[in-house]
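Counting from 1, the numbers follow the sequence of the chain as shown. All values reported here derive from a predicted model rather than from experimental measurement.
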Amino acid sequence: MDASAPRVVLVTRPTPLEELVRAHGTLGQARFFLKTRGQPIEPLLALRDRQAEALAAAKAAVPAAWRSVRITRAELSRFVFEPADVVVAVGQDGLVANVAKYLDGQRVIGVNPDPSRVAGVLARHAPGRFEAVLHAAAAGEAPVEERTMVEARTDDGQRLAALNEIFVGHRTHQS
């Protein structure tokens, strides 16, 4: 693989269904858990499928000659980004904001797996229509919308960085 070829970093996060299966061991157990709470599993199955389709479309848009890697949100703090990386967050706005905290000037393209249901302020590109944006970003020709990060420091020395908001309060998020 050509080291001078653009590198695309695809970032995903587990879907709610994947988190349920991880917590309960099997799809059947997750289904049972939801059923006992009067909740259907079908919306979670549909969301998982849309996420998988969006990721497949994003992967298909990366030319074979380019370098690419897929990481999860949990790996962000350990991943070494290259200065010229094009980072593709496949998920909702929260994932784009979370990814941005670990970058230093790299471009981020937000791919919205469900544009018919989620507006996508930061993840505004539909899966099947972002290939041109990917190529333009890799060439340094895509329009860039710069965002400002905010940082808060607590009395006990913690640093909180965020793109769109910081919550300072009780862990339950109750006002």
For A61 against P63, the heavy-atom pair lying closest together: O-CD, 3.3 Å

Those residues that, when tested against R48, pass side chain to side chain donor-acceptor pair (under 3.5 Å) (two or more places apart): none

Please name the pair of heavy atoms, one in P40 and one in P43, separated by the smallest distance, quoted to 0.1 Å. O-CD, 3.7 Å

Residue pairs involving residues 70-98 (criterion ring pair (Phe, Tyr, Trp, His ring centres under 6.0 Å); sequence neighbours excluded): F79-F81

Can you give the donor-acceptor pairs under 3.5 Å from side chains of residues 100-115 to other protein atoms, not counting sequence neighbours?
residue: Q106; atom: OE1; partner: D104; partner atom: N; Å: 2.6
residue: Q106; atom: NE2; partner: E82; partner atom: O; Å: 3.1
residue: R107; atom: NH1; partner: A142; partner atom: O; Å: 3.4
residue: N112; atom: OD1; partner: D114; partner atom: N; Å: 2.9
residue: N112; atom: ND2; partner: V118; partner atom: O; Å: 2.8
residue: D114; atom: OD1; partner: S116; partner atom: OG; Å: 3.2
residue: D114; atom: OD2; partner: R50; partner atom: NE; Å: 3.0
residue: D114; atom: OD2; partner: R50; partner atom: NH2; Å: 3.2

Check whether any side-chain heavy atom of V8 sits under 4.5 Å from a side-chain heavy atom of D85, and report yes or no. no

Output yes when a side-chain donor or acceptor of R67 lies under 3.5 Å from a complementary backbone atom of A5, and no otherwise. yes

Give a yes or no on whether a salt bridge exists between E131 and R129, defined as a side-chain N under 4.0 angstrom from a carboxylate O. no

Within the structure provided, determine whether H135 and F130 are in side-chain contact (heavy-atom separation under 4.5 Å). no

Heavy-atom check, side chain of R153 versus side chain of Q158, under 4.5 Å: no

Hphob cluster co-occupancy, L95 + L47, side-chain heavy atoms under 4.5 angstrom: no

Residues two or more places apart in sequence or in another chain: which of them pass side chain to side chain donor-acceptor pair (under 3.5 Å) with Q29? none

Can you confirm whether the side chains of R7 and S68 place a donor and an acceptor under 3.5 Å from each other? no

If you measure from CD on Q51 to OG1 on T12, what distance do you get to the nearest 0.5 Å? 6.5 Å

Report the C-alpha distance between V9 and V86 in whole Å, list the side-chain angles of each, state the deciding distance to 0.1 Å, and finish with yes or no for side-chain contact (heavy atoms from CB on, under 4.5 Å). CA-CA 6 Å; V9 180; V86 177; over 6 Å; no

Does anything in residues 17-31 pair up under salt bridge (Lys or Arg N to Asp or Glu O under 4.0 Å), and if so which pairs, sequence neighbours excluded? R13-E19

Is L44 isolated, or which residues cluster with it under the ILVMFWY side-chain rule of less than 4.5 Å, directly or via members? L17, L20, V21, L27, F33, L34, I41, L45

Residue that, paired with V11, satisfies side chain to side chain contact (heavy atoms under 4.5 Å, CB included) out of L76, V90, N98, V88: L76

